[in-house]
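A note on names: the letters A, B, ... follow the listed sequences, proteins ahead of strands, and every chain is numbered from 1. Every value quoted in this text rests on a predicted model; they were computed, and no experiment measured them.
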Amino acid sequence: MPQADWQRTVWCGEVSEEMAGRNVTINGWVQRVRDHGSLVFVDVRDRTGVVQVTCDAARAPEAFAQARELRSEYVVSVRGTVRRRAPDAVNPKMKTGAVEIEPSRVLVLSAAKTPPFYIEENVDADELVRLRYRYLDLRRPDMQRNLVLRHRFVKAVRDWFDAHGFYEIETPMLTRSTPEGARDFLVPSRLQPGSFYALPQSPQLFKQLLMVAGLERYVQIVRCFRDEDLRADRQPEFTQIDVEMSFVTAEDVMTQIEDMIATALRAVGKDVTTPFPRLDFATAMARYGSDKPDLRFGLPIVDVTGIAAQTEFGVFREAVARGGVVRAIVVPPGAALSRKDLDGLAEEARSRGAKGLAWLAFEADGLRGPVAKFVGGAAAALQERLEAPAGSVAVFVADEEAVAAEALGHLRLVLGRRLNLTKDAGDALLWVTDFPMFEWNAHEGRWEARHHPFTSPVEEDLPLLETDPARVRAQAYDLVWNGVEIGGGSIRIHRRDVQERVFRCLGFTKEEAQAKFGFLLDAFEYGVPPHGGIAFGLDRLVMMVAGAESIREVIAFPKTARGGDPLTGAPAPVDPRQLEELGLRVEAGGPAARAAGRGRNGTA
RNA sequence: GGAGGCGUGGUGUAGUGGUGAACAUACCGGUCUGUCACACCGGAGAUCGCGGGUUCAAUUCCCGUCGCCUCCGCCA
């Protein structure tokens, strides 16, 4: 195919001193025009960088005249000669700062309206404006860096899986609604009016079927959908790295997968050491008050229930008497917590269910604080147990165990941030293992699978299925990075008898199990390999690598907190004929009608 | 479903019960041959998100509503 005469021969960011004297053509966007009268500088940008075009009225009158008409974000083709700049005109801040292009022709390929915000590194425009003009936002170098980073990371992930014998296999996007888990996005069927597909929350059941099918090693980088409320790190559509392997133990999955993660991270310039440390769930909850602890800093939670029971402090004694616990975090000397800080911490603790927050300052000459007078003879034992140095302050929560853990876990994170312990602290990756198999759902008065009903219990806990389900541990594992859950998986049940016992625990009758998961159970009648796998949240992973505050910074076209896309206007009402074809009707007075009654976007 | 924060020229902010609504930047015009966040001179640009209330008077106070952000619930 012949080259059109305006097409690039070199990228803007790659014009170099070695090219001096050569005739080149660049294509790109006008970054900035500096008009000096009869000398005009035009910075031209493409995805590789910026290069300066110097238009001299005396040397190239035609190109000069064209250059004066240029405005920001015009798309141009510039042909000219690469020239070394005079030594005093070199710009050391620019990659191409030692050269410039002396144009013989400046061609406008496309004019542009003035953009609503400047196309530059650190934009301060409102995110709503950025999303409405996302195509302009994505011109900015930092957004392009994030997208390129994502590409490189995904490429490295795929390469690793390919090199290790995994096949990438697609699974349906239009599938069947399953009873457990998140709310499904539904898609009405036109050919079967009144019936609905669901978009996949994850390809869980399909990947297990692929194991039954003997594919052995499966991976898919796959879009998943969950109709739940959004967060800074959560979108209703997101991408998983979905993995399943046959004839493996939890140990195999963890060792192989951590190599994959380390390899992919290395490909984007992040070095992490393997093996990753491991922490069992019970310890994580007790020490860090979280199943995804941030191990970039210490501030462990210490249990002082035994000692607290011996004090004269009513709140402690009553909590213990009711079967609760008293736990504490020691804030090191030098944190300089004011009375106001402590009140703020108490408020934080209450926001996570604690009734209050007691505190004790360990000073050289004794205890200080409102509770000090009740501690009495237990002071020395308390200080020793807490390993609290002079000048430190301990904060206490007395409550039932789960509440104390959760509240102190939250305080630990608040303190970590406030004391600047996470900054420059490196990266802390770890596996959390030995999750409980079941969770008690108080609302419905039954046990629920914490991971999912096909997760295999730990072998030695099998007898507990009938006697004490709360103590059954699952062969499940989560990968946690700096306090963010980036992936989780499990070994699945492949024995029919175990599966039936787990279903019994969950209160399913045989008939219910068959109705809900029949297609998988049927498949399991035909020879199932032991298997297990894991899934990662790709968006979160890339967000972490990019050091971004929000998942939206690493997604090209994300949604707002209400699930909308300001660029396309999705979601939107549809033509009545579309509804009619599907046999659907929007109910008068229902939620749809109420939404339609609301005014449109008030900021337009 | 709940809590909090925010909403003022294109963009980012300031501000006040009575203003000519301020500043920066972008934008338009002009001068300028070495700038690179060019500089300098001049200009235009805002029914202060929307609706209602209190008041002689509301951008400001109150209520509602819409939108954006964060968090709780939710996310097997």
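Residue-level contact check: A:R83 touches the bases, meaning some heavy atom is under 4.0 Å from a base atom. Across all strands shown, A:T560 has heavy atoms under 4.0 Å from sugar-phosphate atoms exclusively, and none from any base. Here A:A58 lies in heavy-atom contact (under 4.0 Å) with a base. Nucleic acid contact for A:S202: base, since at least one base atom lies under 4.0 Å from a heavy atom of the residue.
A:Y218 and A:D242 are linked by a side-chain donor-acceptor pair at a separation below 3.5 angstrom, with hydrogens and angles left out of the test. Side chains of A:R492 and A:S490: a donor on one and an acceptor on the other come within 3.5 Å.
Under the stacking criterion of a centre-to-centre distance below 5.5 angstrom and an interplanar angle below 30°, A:H36 is not stacked against the six-membered ring of B:rU35. Judged by ring centres under 5.5 Å apart and planes tilted less than 30 degrees, A:F41 stacks against the six-membered base ring of B:rU35.
B:rC72 sits 42 Å from B:rC27 when the P atoms are compared, rounded to a whole Å.
Contact check on A:E127 versus A:R134 returns no salt bridge, with no Lys/Arg side-chain nitrogen under 4.0 Å from an Asp/Glu carboxylate oxygen. Note on A:R496 versus A:E500: salt bridge recorded, some NZ/NE/NH1/NH2 to OD/OE distance being below 4.0 Å.
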Polar atoms only, N or O, under 3.5 Å: list the protein pairs with nucleotides 25-28 of chain B and their distances.
| residue | atom | partner | partner atom | Å |
| --- | --- | --- | --- | --- |
| B:rC28 | OP1 | A:R71 | NE | 2.8 |

What does the list of N/O pairs under 3.5 Å between the protein and nucleotides 13-15 of chain B look like, with a distance for each?
none

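Per the geometry, CG belonging to A:N91 stands 9 Å off C1' belonging to B:rU35, to the nearest Å. In this entry the distance linking CG of A:L230 with P of B:rC75 reads 15 Å, nearest Å. If you take CD of A:Q201 and C1' of B:rC74, they are 12 Å apart, rounded to a whole angstrom.
Figure legend. B:rG43 is base-paired to B:rC27; pairs are counted as Watson-Crick or G-U wobble with both atom distances under 3.5 Å.
In terms of phosphate contacts, A:K113 brings no side-chain nitrogen or oxygen within less than 4.0 Å of OP1 or OP2 of B:rG10.
For A:R71, the side chain to side chain contact (heavy atoms under 4.5 Å, CB included) criterion is met by A:Y74, not counting sequence neighbours.
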